[in-house]
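Proteins come first, then strands; the chains are lettered A, B, ... in the order of their sequence lines, and each starts at number 1.
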Amino acid sequence: MEYRFRDIEKKWQQWWNENKIYKVSNDSAKPKYYVLDMFPYPSGAGLHVGHPLGYIASDIYARFKRLKGFNVLHPMGYDAFGLPAEQYAIEHGIHPAVSTENNINNFRKQLDNIGFCFDWDREVRTSEPKFYKWTQWIFLRLFDSFYNRQNKKAEPISNLIAAFEIEGNKNHPIPDSKFEARLEPSLLNFSAKDWKSFDGKKQQNILMEYRLAYCGYGEVNWCEALGTVLANDEVINGVSERGGHPVVKKKLRQWYLRITEYADRLLEGLQKVDFSESMKEMQSNWIGKSSGAEIDFEIEKPPLTPPKGEQATPRYETAFPSLYNITKKLAEEKRHDPTHEEEIMWGLLRANKAGFHIRRQHIIGSYIVDFACLDKLATIEIDGGYHDDPVIQQYDKERTRFLKENGFTEIRFTNEEVRKDAHAVIVKLTEILSQLPSVPRKSESSKVSPSGGDLEGALTLRVYTTRPDTIFGVDFMVIAPEHELVEEITTSEQKRAVDEYIAYVKSRSERERMAEKKISGVFTGSYALNPFDGRAIPIWISEYVLIGYGTGAIMAVPCGDQRDFLFAKHFNIPITNIIGNYYNGEEANPTKDAILENSGFINGMVMKDAIDVVINKLEEMGIGIRKVNYKMRDAAFSRQRYWGEPFPIIWKDEVAYPLDESELPVELPHMDELKPGEEAEGPLWNLKEWKNYKGGIREVNTMPGYAGSSWYFLRYMDPDNNKEFCSRKASDYWGQVDLYIGGTEHAVGHLLYSRMWTKFLFDIGLISHEEPYKRLVNQGMIVGSSRLIKRIQLLSHDENILGTAFISMNRDEFTDIDGLDPAGINKKLVNLYFPSIEITDIKQHSFSLLHVDVNIVDGNELDVEEYKKWKPEYIDAKFVFEDDGSFLCYERIEKMSKRYFNTVNPNSLCEKYGADTFRMYEMFLGPVEMSKPWDTKGIEGVHRFLKKLWRLFFDDIKGPIWTTASPSPSGEGKGEAPTDAELKALHKTIKKIEEDTERFSFNTGVSTFMICVNELTDLKCHKKEILEPLLILLAPYAPHIAEELYAELRKAPSPSGEGGGEASILDAEFPKWNEKYLKETSKAYPVAINGKTRTELTLALDATQQQVEEIVLKDAIVTKWLEGKQPKKIIYVKNKMINVVV
RNA sequence: CCGGAUGUGGUGAAAUUGGUAGACACGUCAGACUUAGGAUCUGAUGCCGUAAGGUGUGGGGGUUCGAGUCCCUCCAUCCGGACCA
């Protein structure tokens, strides 16, 4: 009786299905275990051998856990919304719903072939209304929530409104998202009174700035070819991930997820999960947290002294230049000798502690005010007792008049007030200031100038740096070409050069900018002032500074940053060395360990330590703040597409209103033609009758592919619930995904989004865990091994093809340059294979390498007849064979893809060798995490193993040959009890399989089975008592054959009455290994002389050092190698080895 | 350029704590059974060498009685991020 895998596999798959053997209950006394695969996008191409790798690993693990007594959830579903189906629809006229359904059916068939233990009753499809109803529902929760930075969690937006009504937004400043729809400046800070005075639309616009799902205008990645917006992770090097189409920046109204609010928690959460280092690394790189400082440099325009002048440059801003030197001195004196009250106030005001940027002893015109808030054009005076003096009174009057004329509001407090309750003074001050209109410092600062116009504007340049310690090494500033200050700070002399440069930058596409990185830039003519030594620092414009990161401006430290260094060298900007010997003049050194030189008050400090010192100083001076920056941006959440979840939103008067929960799901209406709407809106825009709804207009864009996948793992827990997305009872029972398996390609997309959604659902109290996945395993990619053949075409002078030849790999004489005549023609080839063609008719040879279908190649040998069938156009082509008559192909490792004809379909392998062979072979290839090229050849070995296993039970002729100590089915009477050798073979296998499976080492697991079967075959062991436990071990790896043989063993009722074939091996108990069968009494020790193994000695395990030494020294081979010398030392490691040192 | 991973026979790979390198397979070679073999079985198989022996885990150096494993350094390949200040 032979191993008829096709019948067996079909039979058991059917039986498992009919008996619902994989159905999982949410109610069990067993401990739970949740094994999850990343669900597939059902593409039209179907599965190739690379896809099931992860599924097989998880299937083995799930079955293993089940045998170990866990209640295992192992579901599967489809990520069924997405772009490709829609592209396909546009190109082929097949509706996405139809092609998706077809693809799913095809996937399902392929998956079923492999014999997975999925509980299909829990299947989810993200494109089904009963699923996406809850995607929309969670979206509404996101829309209805804000991130409370005070307690670092999401809360209902109603809490925020309540806070606004009491205190305005002073405790909840607007998140500085890069995509915020710009509010009028007066709405950025508001009091309770303001809030109440705003009309409904204004209030809604403000709330939109806080919502976790929000709509705003922003630069987006627009892909013209796909007609949609893409998320950052869907754009790679300036082209779309899917299809490789160019992507440009475009301003559009978009929905976003405010994932930036979760940046810190997403980062911290990585420490609590078991992901690979590289995965964590990728995620934290994507989040890109850096900490440093934002520093305001005052800008001088035009420069009063040469940039590298010896003298410190005077600084002025709102001061009269003519009187600056005098007033500055006075102001500095006063700054160093403040009154007690001033000191108290400054302690409370500095570093933006009151929410406003305040300067002290600030010069306005020729006056020195105690404090000034330039953003609000306000001065603050703390009055002492000497105002009775008429001269001072007069001075005060003039001063008040001057300030008033120049638009300043004077705010006065008395010393007493400050002494009594300084905090109350601050509260009052804050209230007054917040009611004053904000004056954007940068663009409108010229208003500050007194009417005479002598006074320069208080321009400041705000830069972000992670290295404030290098502030004395700043030799120039660089701002992005798009920086808002460009126009203002460009001097008339530099205007032309700057305009030209900006035009040049604009002419360059994103791709060009990335592809060729040459150093370019232009000087603005203006200088910034180093706040510590007053040195003038030239301000340059260059495209190497990006507007989107930090403040779009940097302080350049050429001795410490390589890009700055190259820039300085290129434009001959002198370089200041602040790191002594660490800088060699050849390249920058970004060290933090150097001792600072040429660095004013931080001279002699180690750089690392100076960072904090400088930040503190900057904060004290009110010109800088500690700042954390993230690379991560909010995630674009709308797509101008049809095949996705509709938003449950309607627009009225440009305000977005959520639909009521009772209206969910908002079903995706059927459309036959998927044309984009006007203004790059999605196709739904064209559906007038659907679009107009309840006096408003529906949002016509749809959600992106990652919406459904951000929470699908929760739906599996409670897939049929039509009242909740997942009941609390179910999510509490199943909790985190214990093991998540999938590819690395989702490292920064899906994994971050789903982690955010989980944290959000946790925040609002709907689930009780904060991280979705406890452990993540990334399966490696299986890459294809392509076969290529070399083609030569003979072209005539008018470019016609005269003949085609294919040259086998080793027939270089027909392809080498050597074989060509001066005209470039291989005469030998023509003479031998194309005798009817005249050499003079040939203009040239055209060489190319063509992919051939790997399925018609055996190893490297092409089946030429099959090839001609496949490509009938080559029916008359000549084939130049090897000497032995074979035709050999070239080999190339590349991604498995239909276009390279290197895909191998699991179906055909299952058909040829069976699912069990296929499963075990995929595992046998190597570690799951590793990428490897597919090679079908080795599958024979695994197949042979299963046949060999089969032969332990059945003889081809005799039939069943297994025996048992109880009566066997063939009635041959009692078999023998297992021997020690057999028990040892079994128990060491149990031990190893348990360990290997637990640590995901399935490749060594498979080889362990092979060793065991080889040993049992050598021992001629056919005993049920040995074979039955072995089958249980094997069941996770090769479930069909294990189930079949297990049933065979149980066919004959045993005396104990436990027979009958109804119990599945899936519910057997995983065997336990017993130490006593593994015990050895002796061991063959390798004996090394000076570390080189020379012989082997079998010694008792309990031998002592002394006994060993005696035996070893007596040994003939050892004596020979000692050559009469005395051993210095004999090292004896029990159960390992012996080493004799001479 | 930065970060991560990986480098072991003709091939896929093993070696879990520093202790006989190459388990288990593929392939190849030889043999058995056979009309035949692309079925099955047996044996051999890192490299050099007839052999004794030498040599060998990307290269070089180090620690150790002993290194694929630990340390330093260089090189190569793959993956990810790339002007992130």
Side-chain angles (χ1 to χ4, degrees), chain A residues 2 236-237 276-286 288-290 292 463-467 470 478 480 513-514 517 519 542-546 548-557 560-564 566-567 590 629-632 744-745 747-748 778 780-781 783 858-859 893 921 924-927 929-942 944-945 947-948 951 956 992 995-996 999 1001 1003-1012 1014 1017 1083-1096 1127-1142:
Chain A
E2 64 185 16
I236 292 159
N237 286 333
S276 70
E277 276 312 304
S278 64
M279 189 60 50
K280 289 183 183 179
E281 192 71 27
M282 270 190 243
Q283 290 208 6
S284 51
N285 279 348
W286 185 259
K289 182 176 182 170
S290 68
V463 305
Y464 173 69
T465 181
T466 55
R467 297 296 302 274
T470 61
V478 187
R513 251 174 98 156
M514 298 218 196
K517 275 165 215 158
I519 300 165
S542 175
E543 61 179 348
Y544 86 86
V545 172
L546 307 175
Y549 185 75
T551 61
I554 63 158
M555 53 180 234
V557 183
D561 183 291
Q562 187 61 12
R563 284 159 311 161
D564 297 346
L566 292 173
F567 193 89
N629 250 318
Y630 299 93
K631 282 198 272 182
M632 184 166 68
T744 43
E745 64 272 22
V748 291
N778 296 111
M781 221 196 336
V783 287
D858 180 17
I893 304 296
Y921 182 56
F924 190 58
L925 278 175
E929 302 90 333
M930 216 102 86
S931 286
K932 54 230 152 192
W934 177 263
D935 178 15
T936 305
K937 279 209 154 171
I939 200 169
E940 297 279 355
V942 176
R944 273 199 276 267
F945 153 73
K947 283 196 279 193
K948 205 164 174 180
R951 284 198 301 270
D956 283 0
K992 185 99 166 76
E995 287 166 0
D996 285 353
R999 71 187 172 102
S1001 180
N1003 54 330
T1004 53
V1006 174
S1007 73
T1008 302
F1009 284 122
M1010 290 174 170
I1011 293 167
C1012 180
N1014 287 346
T1017 303
K1083 178 181 166 65
Y1085 282 92
V1087 181
I1089 318 290
N1090 279 339
K1092 286 198 164 73
T1093 308
R1094 297 299 180 186
T1095 182
E1096 207 168 72
K1128 225 186 261 170
K1129 195 161 85 178
I1130 294 177
I1131 292 156
Y1132 163 57
V1133 183
K1134 206 169 172 180
N1135 210 11
K1136 296 280 185 197
M1137 44 62 69
I1138 295 161
N1139 190 13
V1140 182
V1141 186
V1142 184

Touch class at under 4.0 angstrom, heavy-atom based, for A:N1090 against every strand present: nothing
Whole-Å C1' distance, B:A67 and B:C72: 15 Å
Rounded distance in Å between the P positions of B:U69 and B:G19: 11 Å
Partner residues of A:K948 under the salt bridge (charged side-chain N to carboxylate O under 4.0 Å, His left out) criterion, sequence neighbours left out: none
Separation of B:G12 P from A:M1010 CE (nearest whole Å): 17 Å
Whole-Å distance separating the CH2 atom of A:W934 from the P atom of B:C26: 15 Å
Salt bridge (charged side-chain N to carboxylate O under 4.0 Å, His left out) involving A:R467 - partner list, sequence neighbours excluded: A:D469
Whole-Å gap separating P (B:A25) and OH (A:Y921): 14 Å
Which residue lies more 5' along RNA chain B, comparing A:G938 with A:T466 via nearest heavy atoms: A:G938
C1' gap between B:C1 and B:A23, integer Å: 42 Å
d(CE, A:M1137; P, B:U17) in whole Å: 19 Å
Nearest to side-chain heavy atoms of A:R999, which nucleotide of B:C24, B:C83, B:U16: B:U16
Report all interatomic pairs (protein N or O, nucleotide N or O of nucleotides 1-6 of chain B) with separations under 3.5 Å.
unit_1: B:G3; atom_1: O2'; unit_2: A:E281; atom_2: OE2; d: 2.9

Selection from B:U55, B:A23, B:G19 that lies nearest to any side-chain heavy atom of A:S1007: B:A23
Spacing of the C1' atoms in B:G59 and B:U77 (rounded, Å): 15 Å
Sugar-phosphate only, base, or nothing, as touched by A:I1011 at under 4.0 Å among non-hydrogen atoms: sugar-phosphate
Earlier contact from the 5' end, RNA chain B, for A:D935 and A:I1131: A:D935
Contacts of type salt bridge (charged side-chain N to carboxylate O under 4.0 Å, His left out), residue A:E745, not counting sequence neighbours: none
A:G550 to A:N629 - nearest heavy-atom pair and separation: CA-ND2, 3.6 Å
Check nucleotides 74-79 of chain B against the protein and report each pair of N or O atoms closer than 3.5 Å, with its distance, or say if there are none.
none

Student check: side-chain heavy atoms of A:D564 and A:I554 closer than 4.5 Å: yes
For A:S290 against A:Y464, the heavy-atom pair lying closest together: OG-OH, 2.8 Å
Which nucleotide in B:G12, B:A85, B:A15 has an atom nearest any side-chain atom of A:S290: B:A85
Within-4.5 Å side-chain heavy-atom neighbours: A:M1010 and A:V942: yes
Under-4.0 Å side-chain N/O to phosphate OP1/OP2 contact, A:Y464 with B:A85: no
Same-atom distance (P) from B:C41 to B:G56, integer angstrom: 38 Å
Nucleotide B:G81, atom P - distance to CE of A:M632 in whole Å: 16 Å
Shortest non-hydrogen contact from A:G552 toward A:V545: O-CG1, 3.5 Å
Strictly under 3.5 Å: I want the nitrogen or oxygen pairs between protein and nucleotides 38-47 of chain B, one per line.
unit_1: B:U40; atom_1: OP1; unit_2: A:K947; atom_2: NZ; d: 3.3
unit_1: B:C41; atom_1: OP1; unit_2: A:R951; atom_2: NH2; d: 2.8

Within residues 930-941 of chain A or reaching into it, pairs that qualify as side-chain hydrogen bond (donor to acceptor under 3.5 Å, both in side chains) - sequence neighbours excluded: A:Y913-A:E940, A:W934-A:T936
Quick one: side chains of residues 1135-1142 of chain A, donor-acceptor pairs under 3.5 Å with protein atoms, not counting sequence neighbours, listed by atom name and distance.
unit_1: A:N1139; atom_1: OD1; unit_2: A:G1091; atom_2: N; d: 3.0

Nucleotide B:A85, atom P - distance to OH of A:Y544 in whole Å: 13 Å
Residue A:N1003, side-chain heavy atoms: nucleotide from B:G19, B:U16, B:A14 that is nearest: B:A14
Spacing of the C1' atoms in B:A21 and B:A13 (rounded, Å): 13 Å
Nucleotide nearest A:N1014 when distance is taken to its side chain, options B:A25, B:C83, B:A85: B:A25
A:I1089 CD1 to A:R1094 CZ distance, which is reported to the nearest 0.5 Å: 7.5 Å
Range-with-range stems for RNA chain B, at least three Watson-Crick or G-U pairs under 3.5 Å: B:1-7 with B:75-81, B:10-12 with B:24-26, B:27-32 with B:40-45, B:46-48 with B:53-55, B:58-62 with B:70-74
Spatial distance of atom CG (A:N1003) from atom CE (A:M930) [nearest 0.5 Å]: 8.5 Å
Base B:U16 paired with A:K992 side chain (donor-acceptor, <3.5 Å): yes
Separation of the P atoms in B:G38 and B:G31, to the nearest angstrom: 15 Å
A:F1009 CZ - B:A25 C1' separation (whole Å): 16 Å
Options B:U16, B:A13, B:C24, nucleotide nearest the side-chain atoms of A:P927: B:A13
Conformer about C1'-N of B:G38 - syn within 90° of 0, anti elsewhere: anti
Interatomic distance, A:K289 NZ vs B:C84 C1' [rounded to whole Å]: 15 Å
Any residue meeting ring-ring contact (aromatic ring centres under 6.0 Å, His included) with A:Y1132, in chain and number order, not counting sequence neighbours: A:Y1085
Nearest-neighbour nucleotide for the A:K932 side chain, B:C65, B:A23, B:A13 considered: B:A13
Value rounded to 0.5 Å, distance of OG1 in A:T744 from CD in A:E929: 11.5 Å
A:K631 side chain reached by A:W286 side chain, heavy atoms, under 4.5 Å: no
Sugar-phosphate only, base, or nothing, as touched by A:A556 at under 4.0 Å among non-hydrogen atoms: nothing
B:C83 to B:U6 separation - C1' atoms, rounded to the nearest Å: 28 Å
Salt bridge (charged side-chain N to carboxylate O under 4.0 Å, His left out) partners of A:D996, counting only residues at least two apart: A:K992, A:R999
Contact under 4.0 Å: A:R563 side-chain N or O vs B:C84 OP1/OP2: yes
Partners passing ring-ring contact (aromatic ring centres under 6.0 Å, His included) against A:F924 (at least two apart in sequence or in another chain): none
Side chain of A:L546 (C-beta onward), nearest among B:A85, B:C24, B:C65: B:A85
